[in-house]
Amino acid sequence: MPEKIYDHNQIELKWHDQWSNDPDLYKAEADSARPKYYVLEMLPYPSGALHIGHIRNYSIGDALARYMWMRGYNVLHPMGWDAFGLPAENAAIANKRAPRDWTLSNVEKMKRTHRRFAFSYDWDREVTTCEPDYYRWNQWFFIRMLEKGLAYRKQALVNWCPKCATVLANEQVVDGCCWRHDGTPVEQRALEQWFLRTTAYAEELLADISKLEGSWPDRVLTMQRNWIGRSEGAEIDFMIEGYGPVRVFTTRVDTIYGATCMIIAPEHPIVAGLTAEMKAQARGMIEVRANEGPGDFEKEGFNTGLHALNPFNGETVPVWVGNFVLMGYGTGAIMAVPAHDERDFEFCTKYGIPIVPVIRPVDGPVPQLPLKAANGDYGIVENSGQWSGMKSEDARTEMARHAEQCLFGAPAITYRLKDWGVSRQRYWGTPIPVIHCPHCGVVAVPDDQLPVLLPRQVEITGKGRSPLEEVPEFVNVPCPKCGSPAKRETDTMDTFVDSSWYFYRYCDSKNSTKPFDSDKIKYWFPIDQYIGGVEHAILHLIYSRFWTKMMRDIGLDVPDEPVKKLFTQGMVISNGTKMSKSDGNVVPADDVADRYGADTARLFALFAAPPEKDVDWIDAGVEGIHRFQSRVYRLATRNIGTPGGDGSSDAKVLRKAHQVLRKITEDFDSRWHFNTSIAAMMELTNDLYAEEATISASAMEHVIGIFVFLLAPFAPYLAQELWSELGRTGPVFRQPWPAFDADLARETEIEIPVQINGKIRARFTVPTGLDKAQLEAAARTDEKVIAALDGKTIVKVIAVPEKLVNVVVK
RNA sequence: GCCCGGGUGGCGAAACUGGCAGACGCAACGGACUUAAAAUCCGUUUUCCGGCAACGGGAGUGCGGGUUCAAGUCCCGCCCCGGGCACCA
């Protein structure tokens with residue numbers, strides 16, 4: 001057949017049309033007779049256009065999905081839209097478009113790009129989180145949590161982003177600023193808010209991390225551990241004259257004899273009973289902390305004049321207010337042990353509060369005053385009454401137990417993790433399904449009245465209160481219990497609620513009577529492979545784990561952990577920052593596809609670097625990938641159905657083809673270094689070009705046949721086109737993955753370098769399979785080796801089969 | 001400050017369990033083809049020294065030590081970059 005010029009446009013259009021007319025091409029059906037494989041990429045926010053970062057994410061997942069199909073698995077590979085969120089409201093203000101219209105038209109645009117890239121999604125299972133058939137189940141879950149006490153409402157100091165005009169979860173505060181607005185410090189506001197009791201699962205979320213070990217990246221597990229932040233210690237009551245007992249949390253109760261003052265947070269309830277001047281001072285501290293954001297600030301405090309009784313030694317210590325003590329952690333009050341805590345040391349030194357060392361090193365005396373610094377190490381407890389002489393570790397448990405027996409304390413565990421604040425004072429989110437009745441209080445919307453529909457006609461100004469408060473027909477409703485006039489909750493849910501369980505819905509996306517059918521979940525779950533950006537290591541991935549455990553506890557049949565294996569791909573950086581629409585540095589996927597085609601964009605996204613690594617996107621190099629495809633295409637077309645050469649190169653290219661096949665199979669099964677998979681295909685292409693004239697027709701056809709399968713997971717259009725050039729029909733990715741032939745792949749000869757004292761001095765070629773002795777003998781007969789060894793004494797010879805020979809001489 | 005990653009040619013990178021450092025691609029240069037250019041094909045390209053040459057010799061994976069016949073890879077101590085946490089008691 002004469003050579004054809006590679007025209008990606010024509011090829012991609014042709015198959016795109018054919019595939020569009022085949023709605024079942026990527027269809028997945030639960031089938032207990034076949035092994036399943038659930039591969040999932042994180043669903044995108046429909047911002048308007050897919051960029052090259054998305055393409056990288058989906059190219060990894062799609063290659064895997066197609067490979068697993070070829071390995072005979074029943075593959076579930078779905079896609080959807082994380083469609084609620086603030087940008088839709090901002091767009092509504094800027095363009096005078098309803099958020100829903102804007103969002104759905106973006107979905108349409110992006111879906112077109114998805115299809116253009118031929119990602120193998122079963123679109124029949126598509127989930128769009130802003131549609132009532134999805135968010136009604138958010139509401140349903142919320143009510144279940146309300147019934148279980150897992151959703152509750154409280155007045156709390158919350159993170160407020162003035163630009164978003166809404167509350168943020170702790171997980172959405174980055175360096176003291178809003179996660180969407182770098183450089184906009186988050187303010188603290190006291191508001192009535194809805195919370196989900198994530199802390200009820202702190203222990204289980206932490207413990208189950210060990211189940212994920214080895215199949216989730218360590219980095220992510222470490223981040224989650226730190227985020228949960230478990231501290232084991234004790235809570236101890238210090239009696240304050242004229243006030244009552246005040247509880248402190250400490251991890252070092254063994255140092256309590258060295259406590260020389262109590263320090264409370266400026267928000268602590270005690271402050272309310274202090275003088276007006278002190279209250280003002282405390283308020284000042286709170287404001288400074290709220291406005292300055294993160295970073296070092298000087299420790300400051302003042303003496304309240306109150307005294308607290310240390311229940312262990314019966315001594316009285318002054319009570320101070322300190323700006324570094326956090327109300328949100330532990331009990332908001334600490335005992336300061338300046339000798340053994342760096343922060344306490346700094347504070348007490350500044351204010352002249354006494355320092356009392358009570359721990360000595362195992363092999364040394366109690367440190368002498370004055371101290372240069374605090375020593376927080378464990379050691380032997382001294383000057384501590386009956387506990388003197390005990391090891392710190394033992395004293396910690398013994399003293400906590402003692403406190404419990406004497407009823408002035410108890411062992412305690414504290415977590416850094418806090419309950420998830422889910423209220424948002426915004427329009428474009430799931431309405432929280434409760435009604436506030438003046439008689440009945442908070443009343444859940446009955447299940448048969450779900451979904452609480454988000455009204456379509458709403459004016460969004462981006463200022464002031466929740467936009468829903470301005471919609472009287474939404475707000476004013478009768479109480480479901482007593483029928484008297486009541487008001488609907490106007491806060492909406494955090495969008496992270498939507499993404500916490502969407503992957504369950506894919507298994508049963510059209511169910512209108514429950515969130516999903518448990519038989520379907522049983523078949524498809526857990527997710528075998530989840531792929532997404534590392535930036536979701538704590539937010540989305542902790543919420544998802546929480547949600548799964550919560551669903552189990554409200555009686556649904558789900559596994560303990562939703563995701564078996566997690567892969568976090570690196571970010572695509574452009575001009576030094578992560579690609580994002582707000583930074584204006586996105587490279588639209590369609591631009592690359594216009595110029596070079598979808599296959600090229602996909603291949604390049606994988607070729608630029610190993611998938612877990614961040615890459616700086618530069619166009620240089622895209623041409624090389626396109627050139628590679630063109631070389632493959634031209635070579636294949638001009639060789640299919642031609643007489644071929646004399647076959648003298650057959651063994652060589654067959655060997656290479658099977659080596660590459662083995663390498664790529666291994667890459668899929670373990671490392672996912674697709675950059676080297678693609679490089680291996682390039683090597684094979686180069687070899688075929690070099691040997692082309694002397695390859696027989698049958699060997700060429702065999703090699704091209706393998707090559708088409710190798711390409712299939714990465715470049716679906718090119719692979720399909722070549723498959724059809726070979727005269728074959730049907731989708732190539734449904735063919736079985738070829739088995740590699742170890743005999744064909746085996747090298748017959750190998751070049752062995754000979755080192756003399758570690759420096760390469762000669763090389764010789766031997767048949768493969770020689771053992772140590774044979775290899776050494778062969779080396780000793782090599783002319784160059786003989787010459788290099790002349791006049792020297794051989795001390796030792798190291799021969800490593802298939803690798804090298806090293807001769808140590810004197 | 002603490003906890004994770006990472007540092008290899010002009011650039012993106014490769015070297016999987018210690019065994020030929022730089023596969024593959026980009027860029028650059030040279031050649032073939034062409035009236036010419038593009039495209040394509042074939043070469044060269046870590047660096048220094050010697051040689052017209054084939055070739056020979058030295059250095060080299062952030063820095064300084066060490067282990068080993070052998071170190072990009074292992075150990076100790078630093079420096080730099082990226083990420084996470086950051087008064088968490």
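None of these values were measured; they are calculated from a predicted model. To find a chain, count down the sequence lines: A is the first, B the second, and so on, and within it residues start at 1.
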For RNA chain B, determine which residues of residues 664-676 of chain A have any heavy atom closer than 4.0 angstrom to one of its atoms, and list them numerically. A:Arg671, A:Asn675, A:Thr676
Under-4.0 Å side-chain N/O to phosphate OP1/OP2 contact, A:Arg634 with B:C41: yes
Just to confirm, is there a sub-4.0 Å distance from OP1 or OP2 of B:G19 to any side-chain nitrogen or oxygen of A:Lys759? no
What contact category does A:Tyr689 fall into here, base, sugar-phosphate, or nothing, at under 4.0 angstrom with non-hydrogen atoms? sugar-phosphate
Taking the P atom of each, how far is B:C87 from B:U17, in whole Å? 39 Å
Heavy atoms only, 4.0 Å cut-off, all strands: where does A:Glu342 land among base, sugar-phosphate and nothing? nothing
Looking across every strand, which nucleic acid part, if any, lies under 4.0 Å from A:Asn226 by heavy atom: base, sugar-phosphate, or nothing? nothing
Under a cut-off of 3.5 Å for both distances of each Watson-Crick or G-U pair, what dot-bracket string does RNA chain B give, using [ ] for crossing pairs and | for inter-strand pairs? (((((((..(((......[....)))((((((.......))))))(((((....)))))..(((((..]....))))))))))))....
Using the C1' atom on both, measure B:G22 against B:A13 and round to a whole Å. 9 Å
Quick one: label A:Arg763 by what it contacts on the DNA or RNA (base, sugar-phosphate, nothing), any heavy atom closer than 4.0 Å. base
Examine the side chains of A:Thr600 and A:His626 and answer whether a donor and an acceptor come within less than 3.5 Å of each other. yes
Residues within residues 321-335 of chain A bordering RNA chain B, heavy-atom distance below 4.0 Å: A:Phe324, A:Val325, A:Leu326, A:Tyr329, A:Ile334
Which is true for A:Lys613 with a 4.0 Å heavy-atom rule: it touches a base, it touches only sugar-phosphate, or it touches nothing? sugar-phosphate
